[in-house]
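Structure first, then comments.
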Amino acid sequence: MEYEGARVGSIKTAWRRAIRDADLPEITPHTLKHTAVTWARHKGVPLADAAGFFGTTVATLESVYLHHHPSFQ
């Protein structure tokens, strides 16, 4: 990530300000990742595609998010 051409060392300050300004409850960037992966599974995105996009393994997606796929049951 970068801001005005310089590398960003940490997003912590901006993150805290954003959730405060949006009047959101205590959430983390991982909360957003979990939500995005869940939505991808709901849409039927192939595991390999989701794993590559979200920077995780297919094994993790299978063990944590498999039940979110429309054909799970």
Side-chain angles (χ1 to χ4, degrees):
M1 291 179 67
E2 65 179 54
Y3 177 72
E4 294 183 350
R7 184 174 181 271
V8 173
S10 174
I11 65 162
K12 291 178 182 178
T13 301
W15 181 260
R16 284 190 299 266
R17 183 177 298 139
I19 63 172
R20 183 197 66 215
D21 291 351
D23 196 27
L24 293 172
E26 191 65 29
I27 59 172
T28 66
H30 181 75
T31 305
L32 299 183
K33 179 179 179 179
H34 181 78
T35 301
V37 173
T38 300
W39 289 350
R41 298 302 298 140
H42 277 263
K43 293 289 187 181
V45 173
L47 286 173
D49 293 346
F53 184 81
F54 294 110
T56 192
T57 65
V58 170
T60 297
L61 291 178
E62 288 176 328
S63 66
V64 178
Y65 300 100
L66 186 64
H67 63 281
H68 290 293
H69 192 276
S71 66
F72 175 67
Q73 295 184 350

Nearest heavy-atom pair of L32 and W15: which atoms, and what distance? CD1-CH2, 3.3 Å
Nearest-0.5 Å distance that lies between atom CD in E26 and atom CD1 in I19: 5.0 Å
Which heavy-atom pair separates P29 from I11 by the least distance, and what is that distance? CG-CD1, 4.2 Å
Measure the shortest side-chain to side-chain distance between K33 and T28 over non-hydrogen atoms and say whether it is less than 4.5 angstrom. no
With distance as the sole criterion, is a donor-acceptor pair present between the side chains of T35 and T38 under 3.5 Å? no
Ignoring hydrogens and geometry, is there a side-chain-to-backbone donor-acceptor pair from R16 to R20 under 3.5 Å? no
ILVMFWY cluster, L47 and F53 together (side-chain gap under 4.5 Å): yes
Any idea which heavy atoms bring V58 and A48 closest together, and the distance? CG2-CA, 4.1 Å
Could you check whether any side-chain heavy atom of V64 comes within less than 4.5 Å of a side-chain heavy atom of L61, counting everything from C-beta outward? no
Taken to the nearest 0.5 Å, the spacing of R41 CZ from E62 CD works out to 8.5 Å
